[in-house]
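Every heavy atom of this structure was used, including side-chain atoms; hydrogens, water molecules and symmetry mates were not. Atoms within each ligand, like the ligands themselves, are counted from 1 in listed order.
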Amino acid sequence: MPSTVLAIETSCDETAVAIAQGRTILASIVTSQIITHQRYGGVVPEVASREHVSAVGEAIAQALDAANIGWAEIDAVAATCAPGLVGALMVGLTAAKTLAMVHGKPFLGIHHLEGHIYASYIDKPSLAPPFLCLLVSGGHTSFIQVRGASDYVILGKTRDDAAGEAFDKVARLLGLGYPGGPVIDKVAQSGNPKAFPLPEGKISLPEGGFHPYDASFSGLKTAVLRLIEKLKPAGDLPVADIAASFQATVVRALVKRAIACAQDHHLTTIVVGGGVAANSRLREQLQIAAAANGLTVIFPPMKYCTDNAAMIACAAVAQFEAGRRSPLTLSAQSKLALTEISQLYTDTNHRAKAESI
Ligand code: KG4
Ligand code: ZN
């Protein structure tokens, strides 16, 4: 019988609680704060923390209700502990630690990005490393070689803005509101992706040529700003064409690098994670490019692309079954590299082995 874990995710602006049994999700509750933050055009950290405090109790109750299980059937409690907004992370982390203490369960801190990788494991019993993960969210854009459980090598990343951040900033420039990704995706459907040639953002190397995998999206955002400044005096902005051209440029940059990373490292599967994995053009173009190169692409279901606790619970089951536990003194961290994930755990497996020598 696979382990059952209740997990809480509060790293940004969704209060989420889920219960996973192995790779099966028994309940997934997501309470979004988007409406609150829309007033400010982006996430206000202080407001996010307060909203998490008022929503987390109800979300826990709803998850237990939806899964129709009691505490006796839950093996461990987990929460996202890094990276993210510290005040927001602390709410979920404190709630999870409290539940672990009160119900006498082991506690695990989970890395948010490992959660995004594990979103693709949900309902896929056969998915196993090695594979390439293209992780594209509001805070991160990374090309990750997944060699084994918690064994990650970052092959490439953005040097400035994350892909989702670029979508959010360009949407603001076009007056489309927040969050930008879904609205640009929608508006771009009626635009011409070839209307305006835009720079893809290559990283020059000191020895000449370009970095094969690293990306840059801040120059692209500036190019869109210049384009808007040029077109605005002429009358109505061709918003759909600009959105489509911008989106096509981001997608081209991501697809090219993902295929190169996979081929150069002999990885035949590409797993996509993070909010931008919901993008329709990325889904279409990566599928086409992968098929042309004999590669397989896995996208998580749409509801597990953006932040949720099901992916955190799925990652927590894997960590729990590998014998890892976190101390109750674990603190929230705004930044933590995926490659430093072992510092979240007192690896009971390793300790048991050392003690038996
Ligand atoms: O993974 P996520 O929910 O939160 C972070 O961990 O950052 O990602 C949120 C990001 C936002 O920047 C949002 O604009 C973007 O994902 N996003 C999209 C789409 N849906 C969400 N970007 C492009 N196309 C979409 N359909
Ligand atoms: Zn995320």
I need the atoms of ligand 1 closer than 4.0 Å to a non-hydrogen atom of [X], numbered in the order shown.
X: Gly138; result: 5 (C), 7 (O), 8 (O), 9 (C), 10 (C), 12 (O)
X: Asp185; result: 24 (N), 25 (C), 26 (N)
X: His112; result: 6 (O)
X: His116; result: 1 (O), 6 (O)

* ligand 1 contact by Gly139, heavy-atom criterion under 4.0 angstrom ->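 Distance cut 4.0 Å: Gly139 passes for ligand 1.
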* To do: Work out whether the distance between some heavy atom of Glu14 and some atom of ligand 1 is less than 4.0 Å.
  =>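 The answer is no: ligand 1 sits nowhere under 4.0 Å from a heavy atom of Glu14.
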So which heavy atom in the protein is nearest [atom], and how far is it from that ligand atom?
atom: atom 2 (P) of ligand 1; answer: Asp307 OD1, 3.3 Å
atom: atom 22 (N) of ligand 1; answer: Gly181 CA, 3.2 Å
atom: atom 21 (C) of ligand 1; answer: Gly275 O, 3.4 Å
atom: atom 24 (N) of ligand 1; answer: Asn279 ND2, 3.0 Å

* Among Val272, Leu295, Val271, Leu155, which residue meets the side-chain contact (heavy atoms from CB on, under 4.5 Å) test with Leu132? -> Leu155
* With only distance considered, is Gly164 within less than 3.5 Å of ligand 1 through an N or O on each side? -> yes
* Give yes if a backbone or side-chain nitrogen or oxygen of Gly274 is under 3.5 Å from a nitrogen or oxygen of ligand 1, and no if not. => no
* Asked: Looking at residues at least two apart in the chain, or sitting in another chain, which of them share a side-chain hydrogen bond (donor to acceptor under 3.5 Å, both in side chains) with Tyr304?
  -> none
* What pairs with His111 under ring pair (Phe, Tyr, Trp, His ring centres under 6.0 Å), at least two apart in sequence or on another chain? -> none
Answer whether the closest heavy-atom distance between the side chains of [X] and [Y] falls below 4.5 Å.
X: Phe299; Y: Cys305; result: no
X: Ile184; Y: Val170; result: yes
X: Ile110; Y: Cys81; result: no

* To do: Measure the acute angle between the ring planes of Tyr118 and Tyr121, then classify it against the limits of 30° and 60° as parallel, tilted or perpendicular.
  => parallel
* Asked: Does Arg23 come within less than 4.0 Å of Asp123, counting only side-chain N to carboxylate O?
  ->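 Salt bridge absent between Arg23 and Asp123.
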* Asked: Does a side-chain N-to-carboxylate-O contact under 4.0 Å join Arg257 and Glu200?
  -> yes
* Does the gap between the ring centers of Phe196 and Phe246 come in under 6.0 Å? -> no
* Any chance you could lay out the salt bridge (Lys or Arg N to Asp or Glu O under 4.0 Å) test for Glu165 and Lys221, step after step, and finish with the verdict? => CA-CA 10 Å; Glu165 190 179 356; Lys221 173 203 64 196; over 6 Å; no
* To do: Give me the other members of the hydrophobic cluster that Val44 sits in, counting Ile, Leu, Val, Met, Phe, Trp and Tyr linked by side-chain heavy atoms under 4.5 Å, directly or via other members.
  =>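 Tyr40, Val47, all in the cluster of Val44.
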* **Atoms of protein origin (N, O or S) under 2.8 Å from the Zn ion (ligand 2)** => His112 NE2, His116 NE2, Asp307 OD1
* Only heavy atoms count here, so choose which of Val136, Val43, Asp168 is nearest to atom 12 (O) of ligand 1. => Asp168
